[in-house]
Amino acid sequence: MAHAHHHIALIPGDGIGPEVLPPAQQVLAAVGARHGFGFSYTSYDDWSCERYLREGAMMPADALDQLRDKDAILLGAVGHPSVPDHVSLWGLLIPIRRGFRQYVNLRPIRVFDGVESPVRGAVPGKVDLVVVRENVEGEYSEIGGRLHCGFPSEMAVQEAVFTRAGVTRVLDYAFELAARRDGRLTSATKSNGIVHTLPFWDELVAERGTGYPQVAWDQEHIDALAAKFVLDPARFDVVVASNLFGDILSDLAAAVAGSIGIAPSANLNPEREFPSMFEPVHGSAPDIAGRGIANPLGAIWSAALMLDHLGHPAAAEDITDAIAAVLAKTDVRTPDLGGSATTTEFTEKLLELL
Ligand code: NAI
Ligand code: MG
């Protein structure tokens with residue numbers, strides 16, 4: 001059998017971003033050696049806030065062309081206190097997500113044995129859900145503007161944009177995922193209050209649902225759903241949501257799971273016309289950057305999502321099993337999880353168990 005080889009673009013970014021990608025690469029090398037595939041990397045080390053302060057741009061004008069031929073993108077985090085957050089986000093992450101039509105943002109959430117959840121009902125092994133967030137339209141649209149700037153009548157308008165094509169494709173992805181998993185899907189809505197876009201979303205859910213008779217689906221208004229994520233997180237399997245609702249729900253769910261440092265995400269172009277991008281949910285954590293104590297599990301789990309996408313589900317499962325094992329069977333962990341280990345020590349222990 002030919003030795004599969006993947007060419008990966010690395011964007012370490014800012015803060016702890018560059019601290020959590022090397023552990024992910026170590027884990028990838030280890031499972032690759034076992035399962036018979038390898039990686040080469042091109043690292044875009046200066047695509048960051050530092051570059052923005054120097055050159056006025058987070059990344060070069062031809063950035064997407066440089067990434068286009070890679071099999072996938074692994075990103076650390078971007079953001080620095082000296083640069084407004086909307087500049088770093090819209091200067092790097094959003095152009096990549098939109099330019100490469102990564103319209104699915106996938107965020108799995110599990111409560112692991114050995115991680116204390118702040119929520120009483122979050123029982124290890126019972127909470128295992130995936131938030132499927134629409135990633136390129138909806139509430140995060142570029143349509144809108146400001147008028148009468150500086151006058152008492154100053155105003156701002158931002159249009160939410162829901163297209164039949166855009167909603168349908170993310171719903172189909174979510175229904176297919178639910179059919180492969182537990183056969184349960186919940187749609188996040190607010191069609192009682194937002195009377196144009198979200199009834200449209202609901203209609204499309206009902207329409208697509210008829211194509212998946214094996215999936216039992218329901219819908220919940222986002223306010224009630226947020227409460228249920230806290231009160232009874234184990235009841236959910238696949239949750240599909242618009243861009244804004246999905247963003248908020250997935251951070252809430254990551255907090256329910258016990259630490260933002262563990263949560264992974266995938267920005268997927270399911271058609272594979274363009275590379276997909278994998279990144280931990282957490283940001284650049286300027287408060288702990290440079291101290292060597294960042295939790296690497298979010299980046300490592302994101303690398304597992306990347307393996308799944310590249311067609312290596314067994315290797316991906318080896319990684320999630322090792323994450324579960326290091327948390328359940330050892331007390332080695334970084335300070336965010338109540339331990340005293342460094343990023344390196346935590347990674348070494350995980351590699352031992354892999
Ligand atoms: P954050 O996720 O960077 O940090 C929130 C808190 O969690 C901090 O106390 C931090 O120390 C802790 N934390 C986060 N990741 C951790 C890890 N792996 N190990 C241990 N502790 C961890 O979010 P915050 O503070 O709101 O944002 C900081 C910067 O990151 C901002 O500039 C923001 O725009 C950016 N950001 C970037 C994201 C991305 O690149 N995808 C996502 C979220 C925020
Ligand atoms: Mg968020």
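As the structure lists them, so they are numbered: ligands from 1, and atoms in each ligand from 1.
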Visitor: With a 4.0 Å cut-off on N to O distance, would you call Glu345 and Arg333 a salt bridge?
Guide: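 The answer is no: the pair does not qualify as a salt bridge.
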Visitor: Is it true that Ala294 lies under 4.0 Å from ligand 1, counting heavy atoms only?
Guide: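 Contact check Ala294 vs ligand 1: positive.
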Visitor: Ion pair present between Glu220 and Lys190, side-chain N to carboxylate O less than 4.0 angstrom?
Guide: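 No salt bridge links Glu220 with Lys190.
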Visitor: Check this for me: does any side-chain nitrogen of one of Glu203 and Arg164 sit under 4.0 Å from a carboxylate oxygen of the other?
Guide: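 Between Arg164 and Glu203 there is no salt bridge, as every charged N stays at least 4.0 Å from the carboxylate O atoms.
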Visitor: Just to be sure I read this right, does ligand 1 sit under 4.0 Å from the backbone of Asp336, its side chain, both, or neither, counting only heavy atoms?
Guide: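 Side chain only; the backbone of Asp336 stays clear of ligand 1.
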Visitor: Which atoms from ligand 1 have a heavy atom of Ala77 less than 4.0 Å away?
Guide: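 Within the 4.0 Å cut-off of Ala77, ligand 1 contributes 40 (O).
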Visitor: Test: side-chain hydrogen bond (donor to acceptor under 3.5 Å, both in side chains). Region: residues 82-95. Which pairs qualify, not counting sequence neighbours?
Guide: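 Non-adjacent pairs meeting side-chain hydrogen bond (donor to acceptor under 3.5 Å, both in side chains): His80-Ser82.
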Visitor: Quick check on Pro286 - does any of its heavy atoms sit under 4.0 Å from an atom of ligand 1?
Guide: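 Within the 4.0 Å threshold, so yes.
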Visitor: For Arg107 and Ser250, work out which heavy atoms get closest and say how close.
Guide: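 Closest heavy-atom pair between Arg107 and Ser250: NH1-OG, 2.6 Å.
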Visitor: Quick one: does Gly283 get an N or O within less than 3.5 Å of an N or O on ligand 1?
Guide: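 So ligand 1 has an N or O lying under 3.5 Å from an N or O of Gly283.
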Visitor: Name the option, out of Val78, Asp85, Asp251, that contains the heavy atom nearest to atom 40 (O) of ligand 1.
Guide: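 Nearest option to atom 40 (O) of ligand 1, by heavy atoms: Val78.
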Visitor: Using a strict cut-off of 4.0 Å, indicate which atoms of ligand 1 neighbour a heavy atom of His80.
Guide: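 Reading through ligand 1 atom by atom, the close ones are 32 (O).
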Visitor: Does the side-chain contact (heavy atoms from CB on, under 4.5 Å) test come out yes or no for Leu177 and Val240, once each step is laid out?
Guide: CA-CA 10 Å; Leu177 181 65; Val240 67; over 6 Å; no
Visitor: List ligand 1 atoms under 4.0 Å from Leu93, heavy atoms only on the residue side.
Guide: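 Every atom of ligand 1 under 4.0 Å from some heavy atom of Leu93: 39 (C), 40 (O), 41 (N).
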Visitor: Side chain, backbone, both or neither: which applies to Thr334 and ligand 1 if a contact is any heavy-atom pair less than 4.0 Å apart?
Guide: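 No part of Thr334 comes within reach of ligand 1.
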Visitor: What about Glu279: any of its N or O atoms under 3.5 Å from an N or O on ligand 1?
Guide: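 Glu279 vs ligand 1: N/O contact under 3.5 Å present.
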Visitor: Check each atom of ligand 1 against the heavy atoms of Gly79 and keep those under 4.0 Å away; list them by number with element.
Guide: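 Listed by number with element, the hits are 32 (O).
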Visitor: Is the closest N or O pair between Ala285 and ligand 1 shorter than 3.5 Å?
Guide: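 The answer is yes, given that Ala285 and ligand 1 share an N or O pair closer than 3.5 Å.
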Visitor: Can you tell me if Ile16 has a non-hydrogen atom under 4.0 Å from ligand 1?
Guide: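 Contact present.
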Visitor: Which heavy-atom pair separates Leu354 from Ala322 by the least distance, and what is that distance?
Guide: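 Scanning both residues, the minimum pair turns out to be CD1-CB, 3.4 Å.
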Visitor: Do Tyr212 and Tyr173 sit in the same hydrophobic cluster, where Ile, Leu, Val, Met, Phe, Trp and Tyr count as joined when their side-chain heavy atoms come under 4.5 Å apart?
Guide: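 Tyr212 and Tyr173: one cluster.
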Visitor: Just go through Val281, Ile260, Leu297 and tell me whose heavy atom is the nearest to atom 7 (O) of ligand 1.
Guide: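 Looking at heavy atoms only, Ile260 sits closest to atom 7 (O) of ligand 1.
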Visitor: Taking Ser242 as the fixed residue, which of Glu139, Glu137, Glu134 is the one that meets the side chain to side chain donor-acceptor pair (under 3.5 Å) rule?
Guide: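 Of the listed residues Glu139, Glu137, Glu134, the side chain to side chain donor-acceptor pair (under 3.5 Å) partner of Ser242 is Glu139.
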